[in-house]
Every structure is written in C-alpha cells, then in structure tokens.
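Scroll down for the structure; my scribbles are underneath it.
Small disclaimer: the values here were computed from a predicted structure and weren't measured.
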Amino acid sequence: MKPLVLHGALLVVSAGLAYSVWNKDEAVPEKQQALVDVWSGSQASFTKLSFEGKTRKVRLESQKDAQGYYYVGSVDKEDAPPADPHAGVPGAPLKAPEPAKESKKETSRFVSVKAGETLVKSLAPLQALRAVGKVEPARNEEFGLDKPEGTLKVTIDGKEHVLIIGGTTPGGSERYAKYQNSGEVFAISGDIAQSLMFGDSRLPERDLHGFKNEDISKVRLEKGGKSRELVRVKDKNEGWGDPSNPTKQDETAGNWMSKLGRLRGSDFVEKPSKTLTPADAIVRVEYFNAGKSVGFVELYKLPAEKGNDYLAKTEWDRWYVKVPATTAEQIETDLASVLK
C-alpha cells in the first residue's frame, strides 16, 4: 500500500511542477506588455513640435503634397568652445590668459521624410512603456528631472502637449519623462529623446527617393533636346539596356546608373544662389515602375568658393540638396557616352 501512496504523491508533485513550468513559458514577455496612453493623436492631426535641449533647439512642422507627408525642420545648434587641454595639468607651463572664445552657433534647415514620419508616429499618439505616476519634487534627481535633457512641445489637433525629458532608466534604453499637462512621470522610448537631442544628424533626409532601385523597371534620361530610355535587363539587377533589345546589357549605361543610384544628400538648400529650372539641369532622369512614373532626379551644378557644388532635386526631398561632388562629376562626365 505504501508504494502506491508514494507513487501517487510523486505523480501529483510532478504534475504540479509541469503545470507551473507550462504557465511560466506562457507568461507575456515584457516587450508585449500593454503600453500606457499618455496622449492621443495621429500623423494627420500632428501640426508641429519644438524641442529645447542643452545644446539644440529643434523644430519640425508637418507638410503634405501629392507624394504624401513630409516635415520641414530646423535645428539651432550651439557647441561649447574647445577647452584648453593643459588647463589644470600639474607642471604645465603658465600662459597669459587668452581672450574668451565664443561658443559655435549654427542653424540648419532641412526636409525630413522617413525619420520625421517615425518620430511623429511615436508622438501622435504617445504611448509610454510604463507609468511611474506623480513624483514628489524631492525625488526629481532620481529621475533626472532636476537637470532635464530638454523640453518637448507637441501640437496635435490644436492642443499643445508639454513633455519634460529626464534621465535614462536603470537599463539605459528608456527615458523618464514628465507630462507637464498632468504632472505624471512615464518611461518612454529612448529613440524619441535621441531623435530630438541629435536632430541635426538624425532627422534630415539622406535618401533621394522613397522607392528602392531594384523596384525600377525603366528610366528616361533627358538633357537639352536629347533623350534616351533604358530598361532593366531581366535577372540582372544592375544591368540596363535598350528597349529594342531588352536582354542585352549595356555596360556603360549600367555603370552610369549605378553611380546615380549611389548619390545621397547632405545639406539642404532651400534657395539656391540662382533660380534653377529643369532646362538648367545637367541631366533629368525619370523613374518608372510597371509603366507608371514614380519619381525623378534633376542634377545641377553651381559655382562655389572651391570648385563646384552639385545639387539634386527629387520628388522625395522636395528641396534642393547637396550631393557628393566626386560622384556627381563622374555622372556629368560619363553622360555623353550614355545619352547618345
């Protein structure tokens, strides 16, 4: 009888352990836990934002055209003057005091598309990873709210929401933030703070187009009165040829298209030094996917203090944007051998 009782007890214990392990495996991972609503909104209801940090002032305003939403941004950046590397070093030679150096101030304006959309969608609506609740002033230092990183103001449906960005959470991937409208503190995604604190490098659009090069099946090149169409050679992603012989690859055209596809934007130019029209372009390229026009690029050259500046205008960037002169020069030089 005793062996049966013993085996029965062991069976109950084993079943209990198995049930607990099964339930543990079914626990909701932290990443899937419900988010906390801070305020509502949508990309369509977002109007503008401003962020004033320790060294940056960032502004972003919503715009919309036939291509969709894009954002016009500006950043006022102020960097502290370089410190004397010998200051405070024991035994360093004494020098006469130098005149105080001023901090370096810069202002840049730009267009943001992908990064701007990502930021706006993370703010309209704003959903926190967790709620901390109201914090007594004596605990501000604990959350980095005694010396905050900056103040964010977001306008949605005409209402302004104010968020004080504090310090990082113990894990370092999130940020504490105080919603000034309610006085509550939340833990929000660290990506929001990073995009604002380093807005001059993270927000400007670098791509010239929203489509991928491999999605394009045909292009039309135009310069002056000359034009030429190229079609992608089947099964050769970088191969291009004439529509009259679409299976034969034109190596010269393929190399030229590869250089064009590598162009990336740097500084935006809202108003060039002279009025530019498509007739002034070094070349205009129109892109097609399944017979439908999906975009274009116009390449321009303007004299600069040193050499020439090359500007690109596309359907995606809306404004003129500088592109690397070395690659643009090769595109200009090789154009004659492609546009024949």
Side-chain angles (χ1 to χ4, degrees), residues 48-49 56-77 106-120 195-196 198-213 215-216 219-223 256-287 289 293-335:
K48 62 182 179 180
L49 70 77
R56 304 284 193 279
K57 291 182 181 179
V58 181
R59 291 173 295 279
L60 205 64
E61 293 188 6
S62 179
Q63 304 285 336
K64 189 179 182 181
D65 60 11
Q67 293 291 326
Y69 287 101
Y70 67 100
Y71 303 90
V72 174
S74 65
V75 174
D76 298 329
K77 181 172 66 172
E106 294 180 355
T107 297
S108 60
R109 283 176 56 79
F110 55 85
V111 169
S112 182
V113 187
K114 291 179 182 177
E117 180 180 65
T118 299
L119 176 60
V120 167
S195 295
L196 295 167
F198 304 101
D200 53 318
S201 60
R202 286 180 172 249
L203 292 177
E205 188 63 38
R206 302 304 179 194
D207 292 335
L208 298 186
H209 306 284
F211 53 76
K212 296 179 180 179
N213 286 335
D215 294 336
I216 301 304
V219 295
R220 180 185 296 124
L221 285 59
E222 296 178 337
K223 166 64 177 177
W256 190 86
M257 287 295 296
S258 294
K259 293 172 185 175
L260 185 67
R262 289 198 298 269
L263 285 179
R264 292 293 180 272
S266 57
D267 300 329
F268 278 84
V269 180
E270 189 174 0
K271 293 181 180 180
S273 56
K274 60 172 284 189
T275 301
L276 299 175
T277 67
D280 301 316
I282 293 170
V283 66
R284 187 183 196 276
V285 179
E286 190 170 3
Y287 298 87
N289 182 6
S293 176
V294 294
F296 70 92
V297 59
E298 295 167 356
L299 191 62
Y300 297 88
K301 179 171 68 175
L302 290 175
E305 291 183 6
K306 296 181 179 179
N308 296 301
D309 282 339
Y310 285 84
L311 307 181
K313 178 77 177 292
T314 73
E315 83 294 336
W316 188 246
D317 286 334
R318 277 76 171 190
W319 293 1
Y320 297 93
V321 61
K322 288 184 180 180
V323 293
T326 51
T327 305
E329 284 174 353
Q330 293 175 17
I331 292 171
E332 180 184 17
T333 301
D334 298 342
L335 178 63

Open item on the list: Please check: side-chain N/O of Y300 versus main-chain N/O of T277, any donor-acceptor pairing under 3.5 Å?
Closed with: yes
- [ ] Using a cut-off of 6.0 Å, state whether more than 12 heavy atoms not belonging to K64 lie near its atom NZ.
- [x] no
TODO: Could you tell me whether the side chains of E315 and Y287 share a donor-acceptor contact shorter than 3.5 Å?
DONE: no
Open item on the list: If you compare all heavy atoms of S74 against all heavy atoms of F110, which two are closest, and at what distance to 0.1 Å?
Closed with: N-CE2, 3.8 Å
Task: Any side-chain donor near an acceptor of the partner, S195 and R202, under 3.5 Å - done: no
Open item on the list: With rounding to the nearest 0.5 angstrom, report the CG to CD distance, N308 to E332.
Closed with: 8.0 Å
Task: Pairs touching residues 268-278 that satisfy salt bridge (charged side-chain N to carboxylate O under 4.0 Å, His left out), sequence neighbours left out - done: R109-E270
TODO: Begin with the C-alpha distance, continue with both residues' side-chain angles, and end with the deciding distance and a verdict on salt bridge (Lys or Arg N to Asp or Glu O under 4.0 Å) for D76 and R56.
DONE: CA-CA 6 Å; D76 298 329; R56 304 284 193 279; over 6 Å; no
Task: Heavy-atom closest contact (V269 atom, W319 atom, distance) - done: O-CB, 4.2 Å
TODO: Taking the side chain as every heavy atom from C-beta outward, state whether L263 and I331 have any pair of such atoms under 4.5 Å apart.
DONE: yes
Open item on the list: Within the 4.5 Å heavy-atom criterion, are L302 and L276 side-chain neighbours or not?
Closed with: yes
Task: Reported CD-to-CD1 distance for the pair E298 and I282, which is rounded to 0.5 angstrom - done: 11.5 Å
TODO: Provide the closest heavy-atom pair for Y71 versus V120 in the form atom of the first, atom of the second, distance.
DONE: CE2-CG2, 3.6 Å
- [ ] Taking the side chain as every heavy atom from C-beta outward, state whether V297 and H209 have any pair of such atoms under 4.5 Å apart.
- [x] yes
Task: Backbone of L203 reached by a side-chain donor or acceptor of S112 within 3.5 Å - done: yes
- [ ] Compare all side-chain heavy atoms of V111 with those of D317 and state whether any distance is below 4.5 angstrom.
- [x] no
Task: Beyond-backbone contact of L196 with L119, side-chain heavy atoms, under 4.5 angstrom - done: yes
Open item on the list: With heavy-atom distances below 4.5 Å as the criterion, would you say the side chains of F211 and N289 are in contact?
Closed with: no
Open item on the list: Return the CZ to CZ distance between R206 and R264, rounded to the nearest 0.5 Å.
Closed with: 11.5 Å
Open item on the list: Rounded to the nearest 0.5 Å, what separates atom NZ in K114 from atom CG in D207?
Closed with: 4.0 Å
- [ ] Would you give the length of the straight line joining atom CG of D309 to atom NZ of K322, rounded to the nearest 0.5 angstrom?
- [x] 4.0 Å
- [ ] Taking all heavy atoms of P272 and all of Y320, pick out the closest pair and write down the distance.
- [x] CG-CD1, 3.5 Å
- [ ] Measure the shortest side-chain to side-chain distance between E205 and R318 over non-hydrogen atoms and say whether it is less than 4.5 angstrom.
- [x] no
Task: Side-chain donor or acceptor of T314 paired with backbone N/O of L208 under 3.5 Å - done: yes
- [ ] Report, as yes or no, whether the 6.0 Å neighbourhood of atom NZ on K57 holds more than 12 heavy atoms from other residues, nucleotides or ligands.
- [x] no
Task: Gap between atom CG of D65 and atom OH of Y70 - 0.5 Å precision - done: 5.0 Å
Open item on the list: Using the side-chain contact (heavy atoms from CB on, under 4.5 Å) criterion, which residues pair with S293? Sequence neighbours excluded.
Closed with: E286, F288
Task: Non-hydrogen atoms of A312 and V323 that approach each other most closely - done: CB-CG1, 3.8 Å
Open item on the list: Do Y69 and E117 have side chains that approach each other closer than 4.5 Å (heavy atoms only, starting at C-beta)?
Closed with: no
TODO: Check V58 against G199 and note the closest heavy-atom contact, atom names and distance.
DONE: CG2-CA, 4.4 Å
Open item on the list: Give me each pair satisfying ring pair (Phe, Tyr, Trp, His ring centres under 6.0 Å) with a member in residues 261-283, each pair once, sequence neighbours excluded.
Closed with: none
